[in-house]
Amino acid sequence: MAEMNTKAMNKLSYGLFVLTTKLGDKQNGCITNTAIQVTTDPNRISFAVNKLNYTHDMLLEAKDFNISIISEAADFELFKRFGFQSGREVDKFEGYDKYELAANGITYIKDGTNAYISGKVIQTVDLGTHTLFIADVTDMNLLPDASGNVISSATYEYYHANIKPKPDAFKTGDTVGTLEKGEESGTVVWRCKICGYVYEGEELPDDFICPWCKHPASDFEKVVK
């Protein structure tokens, strides 16, 4: 039997979204790529959230949320703010004014998005590293740009090709080492294919979780610097 080619998973189509929720006075959000409509009558959606995300724990208790659909007009700063830092450690909305409150009192992102959907969780499924949330849609609206146009939704593939900076440098904490084409220093690093985070070491632990985007070791590639 031929060896399984895991790159086939990359051919699945994914959108990109900012999931926001509120618990008490705390507003928080994270990036997800799994939101889909599962039924039309009743109108229900589902999405999976990594258990390491603070938004995950908040949503388990709060139940109410918004999903802002990221458009092709989004820039990388949106992903850095909501995807590369933890709401346990920072206020993701501090110094940020590109949002409004929906009828449920929860923020939705109005810059680099084309619509938002509000919902209430009715069921959860434990998936091990993630929780699958199933929810009733309670509200939704389009978010046209300043010209009145609704920009196309950004796919995961579009993000990698047009939004995410090209990996011309390898980052380990605050250390940056640039690798010229064809150059090898002999140093082995493991680079996250999702966000570009770099782990230095000959072997990457099987249970390693990217501290930036929370993806597992299977999403890392070995690079010799």
Side-chain angles (χ1 to χ4, degrees), residues 9-22 27-38 43 45-50 53-56 59 64-87 90-119 133 135 137-169 171 192-197 210 212-215 219:
M9 296 299 293
N10 297 336
K11 299 305 178 183
L12 289 172
S13 297
Y14 297 91
L16 288 162
F17 318 91
V18 183
L19 168 68
T20 48
T21 190
K22 178 183 179 183
Q27 299 268 5
N28 194 46
C30 67
I31 301 290
T32 182
N33 67 341
T34 58
I36 60 171
Q37 184 180 32
V38 290
N43 192 4
I45 62 174
S46 71
F47 51 91
V49 185
N50 193 306
N53 287 340
Y54 185 42
T55 307
H56 170 276
L59 184 55
D64 294 304
F65 65 90
N66 293 327
I67 284 184
S68 303
I69 302 172
I70 298 176
S71 77
E72 292 180 355
D75 59 28
F76 190 59
E77 292 302 315
L78 178 65
F79 292 88
K80 287 173 61 178
R81 177 174 290 274
F82 290 102
F84 295 168
Q85 55 184 351
S86 172
V90 301
D91 179 355
K92 295 186 181 183
F93 288 93
E94 183 177 2
Y96 184 76
D97 61 0
K98 300 175 181 179
Y99 68 89
E100 290 186 5
L101 295 181
N104 59 7
I106 299 170
T107 56
Y108 66 87
I109 309 306
K110 63 179 185 179
D111 188 65
T113 59
N114 59 21
Y116 74 88
I117 298 171
S118 300
F133 293 88
V137 173
T138 58
D139 193 15
M140 55 185 143
N141 207 351
L142 295 175
L143 300 173
D145 65 10
S147 301
N149 300 315
V150 177
I151 307 299
S152 297
S153 298
T155 63
Y156 200 51
E157 184 176 15
Y158 183 91
Y159 163 75
H160 279 281
N162 300 283
I163 300 176
K164 177 185 172 184
K166 298 300 183 288
D168 57 351
K171 299 180 180 180
C192 179
K193 293 182 287 186
I194 308 302
C195 70
Y197 177 85
C210 180
W212 286 4
C213 68
K214 307 300 186 293
H215 279 248
D219 284 322

[X] side-chain N/O to [Y] backbone N/O, donor-acceptor pair under 3.5 Å:
X      : Y      : value
Ser71  : Val150 : no
Ser147 : Asn149 : no
Lys92  : Phe82  : yes

Nearest 0.5 Å please: distance from the [atom1] atom of [X] over to the [atom2] atom of [Y].
X      : Y      : atom1 : atom2 : answer
Leu143 : Thr113 : CG    : OG1   : 4.5 Å
Glu72  : Tyr158 : CD    : OH    : 4.5 Å
Phe93  : Tyr99  : CZ    : OH    : 7.0 Å
Tyr14  : Leu12  : OH    : CG    : 4.5 Å
Asn53  : Leu59  : CG    : CG    : 11.0 Å
Tyr116 : Glu100 : OH    : CD    : 8.5 Å

Identify the two heavy atoms, one from [X] and one from [Y], that lie closest to each other, and give their separation to 0.1 Å.
X      : Y     : value
Val90  : Gln85 : CG2-OE1, 3.5 Å
Val38  : Ser46 : CG1-OG, 3.4 Å
Thr55  : Thr21 : CG2-CG2, 3.9 Å
Gly112 : Leu78 : O-CD2, 4.3 Å
Val49  : Cys30 : CG1-SG, 4.3 Å

Side chains of Asn114 and Ser153: any donor to acceptor distance under 3.5 Å?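 Per modelled atom types, Ser153 and Asn114 side chains form a pair under 3.5 Å.
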
Between Asn104 and Asp139, does any side-chain donor sit less than 3.5 Å from a side-chain acceptor?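 Not at all, the side chains of Asn104 and Asp139 share no donor-acceptor pair under 3.5 Å.
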
Once side chain to side chain contact (heavy atoms under 4.5 Å, CB included) is applied, do any residues pair with Phe79, and if so which ones, sequence neighbours excluded?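 Result, side chain to side chain contact (heavy atoms under 4.5 Å, CB included) vs Phe79: Leu16, Ile31, Ile70, Ala74, Phe76, Tyr159, Ile163.
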
Going through the checks in order, is the side-chain hydrogen bond (donor to acceptor under 3.5 Å, both in side chains) test met by Ser118 and Asp64? CA-CA 8 Å; Ser118 300; Asp64 294 304; over 6 Å; no

Quick one: does [X]'s side chain get under 4.5 Å of [Y]'s, heavy atoms only?
X      : Y      : value
Asn43  : Gln37  : yes
Cys210 : Asp219 : no
Thr107 : Leu101 : yes

Can you tell me if NZ on Lys110 sees more than 12 non-hydrogen neighbours from other groups inside 6.0 Å?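 Counting other residues, nucleotides and ligands, NZ of Lys110 exceeds 12 neighbours.
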
Residues forming a salt bridge (charged side-chain N to carboxylate O under 4.0 Å, His left out) with Glu157, sequence neighbours excluded: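 Listed in chain order: nothing, the list is empty.
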
Test ring pair (Phe, Tyr, Trp, His ring centres under 6.0 Å) on Phe133 and Phe65 and set out the steps. CA-CA 11 Å; Phe133 293 88; Phe65 65 90; 8.0 Å; no

Out of Ile109, Ile117, Leu142, which residue meets the side chain to side chain contact (heavy atoms under 4.5 Å, CB included) rule with Ile69?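 Answer after filtering Ile109, Ile117, Leu142: Ile117.
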
